[in-house]
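Naming convention: chains lettered A, B, ... in sequence-line order (proteins, then strands); numbering from 1 in each chain. All values derive from a computational prediction rather than experimental measurement.
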2 protein chains.
Amino acid sequence: MRESVRRATQVCPVEVAIAVVGGAWKMTVVKQLRDGPLRFGELTRAVGPVTPRVLTRQLRELEADGVVHREVYPQVPPRVEYSLTPLGQTLGSLVESLDAWGADYLAQAPVR
Amino acid sequence: MRESVRRATQVCPVEVAIAVVGGAWKMTVVKQLRDGPLRFGELTRAVGPVTPRVLTRQLRELEADGVVHREVYPQVPPRVEYSLTPLGQTLGSLVESLDAWGADYLAQAPVR
DNA sequence: CAGAATCCAACGTGATACTG
DNA sequence: CAGTATCACGTTGGATTCTG
């Protein structure tokens, strides 16, 4: 268990959830993977203006937390596919809620 | 609109939601305020091992994002009450979902 | 009581260049 | 293609002390 998650257990279950999914790009990754596995490059483009360096780290953390599965196909050129684990799939409704709330928030507080 | 929220708008609504509620203690604050207004001291004790310095900053951000209302009663000793705004109340179901997911996560990945 | 001031360490995030 | 190496930096969260 990652340290930040372990610390959250000392506070409240909601902090645990935030510790797992609260990082930048993480919930967007989950959102994109809901439609099926994606290769690293596909995921990079789908998520947005994220650098490979950063996306890799977020994926590693999601993997460590059991949310994402990383499948390496030993071939040239390399092929690595990311997918949601069963646990990751349980985040589906949460992603939808966050997506809807964020959209509502933008509707009532427009970007200036 | 806070800068981190504005940046999130360039990515995805889910990132906007995370930008608003993703900070440490924030969703725990919302959870505690669901049962009604709390004074600063009460909130400090209810949230957990948070320092006044940090809790104040998180509350200011939640206030700036329109989630929390801060009511000052001009008296001695000072009395300041925090409550959820209508927007903050719309986070209710999200808090419940996060709480449930976090609890499930702990059940399947016990603290070691 | 409800914070503000000051200071700081750690972390999260990012740009750029390079590689098996 | 899917990263890694290196470097850099702003923000976050925190400890401590002090105050109207």
### Task
Check the pair B/R34 / B/E96 against salt bridge (Lys or Arg N to Asp or Glu O under 4.0 Å), numbers first and verdict last.
CA-CA 11 Å; B/R34 289 195 74 198; B/E96 282 178 18; 2.8 Å; yes
### Task
Begin with the C-alpha distance, continue with both residues' side-chain angles, and end with the deciding distance and a verdict on salt bridge (Lys or Arg N to Asp or Glu O under 4.0 Å) for A/E42 and A/R39.
CA-CA 5 Å; A/E42 296 171 330; A/R39 301 180 59 171; 5.5 Å; no
#### Entry: Minimum-distance nucleotide (side-chain atoms of B/V80 versus C/dA2, D/dC7, D/dG3)
C/dA2
### Query
How close or far is atom C1' of D/dG10 from atom CZ of B/R2, stated in whole angstroms?
15 Å
### Task
With the side chain of A/P78 defined as its heavy atoms from C-beta on, choose the nearest nucleotide among C/dG3, D/dA15, C/dG20.
C/dG20
### Query
Between B/T85 and B/V68, which heavy-atom pair has the shortest distance, and what is it?
CG2-C, 3.6 Å
### Task
Could you tell me which non-hydrogen atom of B/M27 sits nearest to which non-hydrogen atom of A/E15, and how far apart they are?
N-OE2, 4.2 Å
### Query
Which heavy atom of A/E81 sits nearest a heavy atom of A/Y73, and at what distance?
OE1-OH, 3.5 Å
#### Entry: Separation of atom CD in A/E81 from atom C1' in D/dC1, rounded to whole Å
13 Å
### Task
Taking only heavy atoms on the protein side, list every residue of residues 54-76 of chain B lying under 4.0 Å from any atom of DNA chain D, sorted numerically.
B/V54, B/R57, B/Q58
### Message
Is there a continuous path of hydrophobic side-chain contacts, each under 4.5 Å between heavy atoms, that joins A/F40 to A/V76?
### Response
no
## Note on the structure
Separation of D/dG3 atom C1' from A/R79 atom CZ, nearest Å, is 16 Å
### Nucleic acid contacts - residues 17-46 of chain A versus DNA chain D, non-hydrogen atoms under 4.0 Å
A/R39, A/F40, A/G41
### Query
Taking all non-hydrogen atoms of both residues, which atom of A/Y105 and which atom of B/M1 are closest, and how far apart?
CE2-CE, 4.0 Å
### Task
Please state whether the base of D/dT12 and the side chain of B/R53 form at least one donor-acceptor pair under 3.5 Å?
no
### Task
Establish, with yes or no, whether the OP1 or OP2 oxygen of D/dG3 is under 4.0 angstrom from a side-chain nitrogen or oxygen of A/Y82.
yes
### Message
Give me the atom names and distance for the closest heavy-atom approach of B/R2 to B/A19.
### Response
NH2-O, 3.1 Å
### Nearest atoms (heavy-atom pairs only) where B/A103 meets A/P13
N-CB, 3.8 Å
### Message
Nearest whole Å is fine: how far is D/dG14 P from A/E3 CD?
### Response
12 Å
